[in-house]
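Taking it in order: structure first as structure tokens, then the write-up.
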Amino acid sequence: MMITTPPPPSPSPASPAPSAPHVPAASHQDFPGELRCVSAARRFITRHLRDSRYEPLIDDVVLLVSELAGNAVVHTRSGEPHGTFSVRLRPTCSALRISVLDQGGYKVPHVRHGCGERGRGLGLVDAIADRWGTDGDGSGRTVWFEVSEPPARPAPAKTNAFPT
């Protein structure tokens, strides 16, 4: 009887090194001015921030987009029949700017103070965003906010779980 030793295992191909998180590309999308489309605006932002260096901020950014898109539909002409609103995403050198463009309204957006159940959306924007503001007038307005790039996380320490 002949005993043979099995051939040594072939080396497994090296796993590709994980790529560094990317900066999302500038993008924008228009939406019908209906409350049901606010969730589509959230998906748009999530899709662009997933696997980017801003991914750790997705929950905050999506919350703020919800507030601004909802405000556009409820408080401006964007919510009238055939109205629209737009969401724009634009990275800068150290921050991400998100803008919601509406078709204008009679009121100037402002932070409301108090304990009411409504009117606290811009208060959230003010508390969470690094910067925010408005541009435009009653014929069309942009409400924007910026979040700074999160600090880079150190690469995980390499350990050898299977000592040789």
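In what follows, residues are counted from 1 in the order of the sequence shown. Any value given below was found using the heavy atoms of this structure, including those in side chains, with hydrogens, waters and symmetry copies removed. The model shown is predicted, which means the values in this text are computed figures rather than measured ones.
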- Partners meeting ring pair (Phe, Tyr, Trp, His ring centres under 6.0 Å) with Phe85 (sequence neighbours left out): Phe31

- salt bridge (charged side-chain N to carboxylate O under 4.0 Å, His left out) involving Glu80 - partner list, sequence neighbours excluded: none

- Query: Among all residues two or more places apart in sequence or in another chain, which pass the salt bridge (charged side-chain N to carboxylate O under 4.0 Å, His left out) test with Arg43?
  - Reply: none

Pairwise distance [atom1]([X]) to [atom2]([Y]) - rounded to 0.5 angstrom:
X: Tyr54; Y: Ile98; atom1: OH; atom2: CD1; answer: 9.5 Å
X: Glu55; Y: Thr46; atom1: CD; atom2: OG1; answer: 10.0 Å
X: Leu64; Y: Phe145; atom1: CG; atom2: CZ; answer: 4.5 Å
X: Arg42; Y: Ser66; atom1: CZ; atom2: OG; answer: 4.0 Å
X: Ser78; Y: Glu34; atom1: OG; atom2: CD; answer: 11.5 Å
X: Arg141; Y: Thr76; atom1: CZ; atom2: OG1; answer: 9.0 Å

So which heavy atom on [X] is nearest to which on [Y], and how close?
X: Ala25; Y: Leu89; value: O-CD2, 3.1 Å
X: Ser52; Y: Leu49; value: OG-O, 2.8 Å
X: Ala41; Y: Val87; value: CB-CG2, 3.9 Å
X: Val23; Y: Pro91; value: CG1-CB, 3.5 Å
X: Pro24; Y: Leu96; value: CG-CD1, 4.1 Å

According to a hydrophobic-cluster definition based on side-chain heavy atoms being under 4.5 Å apart (Ile, Leu, Val, Met, Phe, Trp, Tyr only), do [X] and [Y] belong together?
X: Leu101; Y: Ile45; result: no
X: Val65; Y: Trp144; result: no
X: Leu57; Y: Leu68; result: yes

- Note on the structure: Sorted by chain and number, sequence neighbours left out, side chain to side chain contact (heavy atoms under 4.5 Å, CB included) with Leu35 holds for Val38, Val73, Val74

Which residues pass the side-chain hydrogen bond (donor to acceptor under 3.5 Å, both in side chains) test with [X], sequence neighbours left out?
X: Arg77; value: none
X: Ser148; value: Asp130
X: Thr142; value: none
X: Ser86; value: Asp30

- Item | Val125 side chain near Val143 side chain, heavy-atom distance below 4.5 Å | no

- Item | Any Glu149 side-chain heavy atom under 4.5 Å of Ser94 side chain | no

- Query: Could you give all pairs that pass the salt bridge (Lys or Arg N to Asp or Glu O under 4.0 Å) test and reach residues 86-97, with sequence neighbours left out?
  - Reply: Arg97-Glu146

- For Ile58 and Arg50, what are the C-alpha separation, side-chain angles and deciding distance, and is it a side chain to side chain contact (heavy atoms under 4.5 Å, CB included)? CA-CA 8 Å; Ile58 283 179; Arg50 182 85 52 219; 3.7 Å; yes

- Task: Mark yes or no for whether His22, through its side chain, and Asp51, through its backbone, hold a donor-acceptor pair below 3.5 Å.
- Result: yes

